[in-house]
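In listed order, ligands and their atoms are each counted from 1.
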Amino acid sequence: MADLTELTLSAARDGLENNEFSSKEMTEAHIDAMADAGVLNAFITATPELALEEAVASDTRRAAGNAGPLDGLPLAIKDLFCTQGVLATAASHILDGFHPPYESTVTANLRRDGAVFLGKTNMDEFAMGSSNETSFYGPVVNPWRRNGADTPIVPGGSSGGSAAAVAARLALAATGTDTGGSIRQPAAFSGIVGLKPTYGRCSRWGIIAFASSLDQAGPMTRSVRDAALMLGSMSGHDPKDSTSADMPVPDFEAVVDQGVKGLKIGIPKEYRVDGMPEEVENLWRQGTQWLQDAGAETVDVSLPQTRYALPAYYIVAPAEASSNLARYDGVRYGLRKEGENLIDMYERTRGEGFGAEVRRRILIGTYVLSAGYYDAHYLKAQKVRTLIARDFATCFELVDAILTPTVPFPAFGQGEKSNDPIAMYLNDVFTVPASLAGLPGISIPAGLSSDGLPLGLQVLGKPFDEETVLRTGRALELAADFSAGPKKWWRAVV
Ligand code: GLN
């Protein structure tokens, strides 16, 4: 039998439907792969016993003719999703021992469709970061390495464990969340597909909050078809999330191969930033050519406010985070450090429970929301956000989708940027504008850097037009024919 971990999600689905193998076999293959890959540190909590139970139950359902769209397919779940009875940490010390009594809507939807969960993936603490180096559980190592070197490379963040798990064939696909780029950027750094849906497409209920007006769940997969398949399950209206969109969920998979003939694709000049390596510039030009060859028309467009997106994001996101994270006080769940009195207990708990990056964000957020600074910073950032959304709206009067690089550079080495927050925040320069505007975006692995690391191209679309994003992503995927994968060096490391 072929290596079951090498299949795409949709090929695995078809194989299960044709009874070529069982979910139990498929799940066991992934559990073995996970056991061999401890050095990548992709999982915070592995749940092999539960996964096997679910796989056996799935095989029984299938035999009875009751299989759902994702039945028996082993997935990895970012540890920001609450999973009933299974530890959920957000990669933070402060959530020590937190076993949620409920299931997030997105993971409940995946379960409803029959998916098997292999475990909870590592991530940046509270999804704050771009390199998966802020986790209380230690950094995730990218399965990719530079040519001829064994320097540990970051997988990107914050969904770095999910990205590494999918790239290293430890899971067929994974969930991620994206607040400012945390699905698309690690997808680009790890050579996989990452889709951030329109804000409101997937329910946020039961996802540990970072910045509520930006947070959005999405699929991380090894093909565009897989992203479509998984998005279909994850999406849908949820009355428990007041920002969840009450809109029908299209059959995303059905449109994937419709091509781009006749579509207009915008190439925004503001994404040509100083110091961007030539290989990224060349890949972007190549992507433009690929879409033209596939029958699309490419148009130069302008998104004039782009340069204000990053500063606005790093005001809005910390502001919301400082408010959301006020709930962790040692009283109800998670870590508690006793003190001389109540205030002392709060301070000790929060001081020890949050890592340095999270504390930095809480300080920034509290500062920009405080009386006297609110108008100067927070209110202004909100106005900038409106202008950025308007830029996109104007642009989408002319074009159907926008093509950019996902990140201005390939993945970097562990420790290379962790002492320079500004350098770290620059990872997000191409992903945050769409986050601020609530738009859907996908990252497609499209080439390799000169030192052998993956590079991604990003497609952005109109609100709730994931279909065009997927079609365009598929056209790039076909043209790029990115078949490279990381060498499985970690199997030799004990
Ligand atoms: N890297 C960005 C940040 O640190 C985005 C994170 C995310 O999307 N969750 O805020």
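- For ligand 1, the protein residues placed under 4.0 Å by at least one non-hydrogen atom are Ala127, Met128, Gly129, Ser130, Ser158, Asp178, Thr179, Gly180, Gly181, Ser182, Phe210, Tyr313, Tyr314, Arg361, Asp428.
- Side chains of Gln458 and Thr404: a donor-acceptor N/O pair is present below 3.5 angstrom, by distance only.
- Taking the centre and axis of the six-membered ring of Phe409, the NZ or CZ atom of Lys417 falls inside the cone set by 45° and 6.0 Å.
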Report task. Report the C-alpha separation of Tyr333 and Arg327 in whole Å, then their side-chain angles, then the decisive distance to 0.1 Å, and conclude whether the side chain to side chain donor-acceptor pair (under 3.5 Å) test is met. Result -> CA-CA 10 Å; Tyr333 46 80; Arg327 75 190 68 181; 5.2 Å; no
Return a table of donor-acceptor pairs under 3.5 angstrom between the side chains of residues 153-164 and protein atoms on other chains or two or more places apart.
{"unit_1": "Ser158", "atom_1": "OG", "unit_2": "Lys78", "atom_2": "NZ", "d": "2.8"}
{"unit_1": "Ser158", "atom_1": "OG", "unit_2": "Ser182", "atom_2": "OG", "d": "2.8"}
{"unit_1": "Ser159", "atom_1": "OG", "unit_2": "Lys78", "atom_2": "NZ", "d": "3.0"}
{"unit_1": "Ser159", "atom_1": "OG", "unit_2": "Thr177", "atom_2": "N", "d": "3.3"}
{"unit_1": "Ser159", "atom_1": "OG", "unit_2": "Thr177", "atom_2": "O", "d": "3.2"}
{"unit_1": "Ser159", "atom_1": "OG", "unit_2": "Ser182", "atom_2": "O", "d": "2.8"}
{"unit_1": "Ser162", "atom_1": "OG", "unit_2": "Thr121", "atom_2": "OG1", "d": "2.8"}
{"unit_1": "Ser162", "atom_1": "OG", "unit_2": "Thr175", "atom_2": "O", "d": "2.8"}

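- No hydrogens or angles considered: a donor-acceptor pair under 3.5 Å links the side chains of Asn122 and Ser135.
- Gln185 and Thr406 share no donor-acceptor pair across their side chains, judged by distance under 3.5 Å alone.
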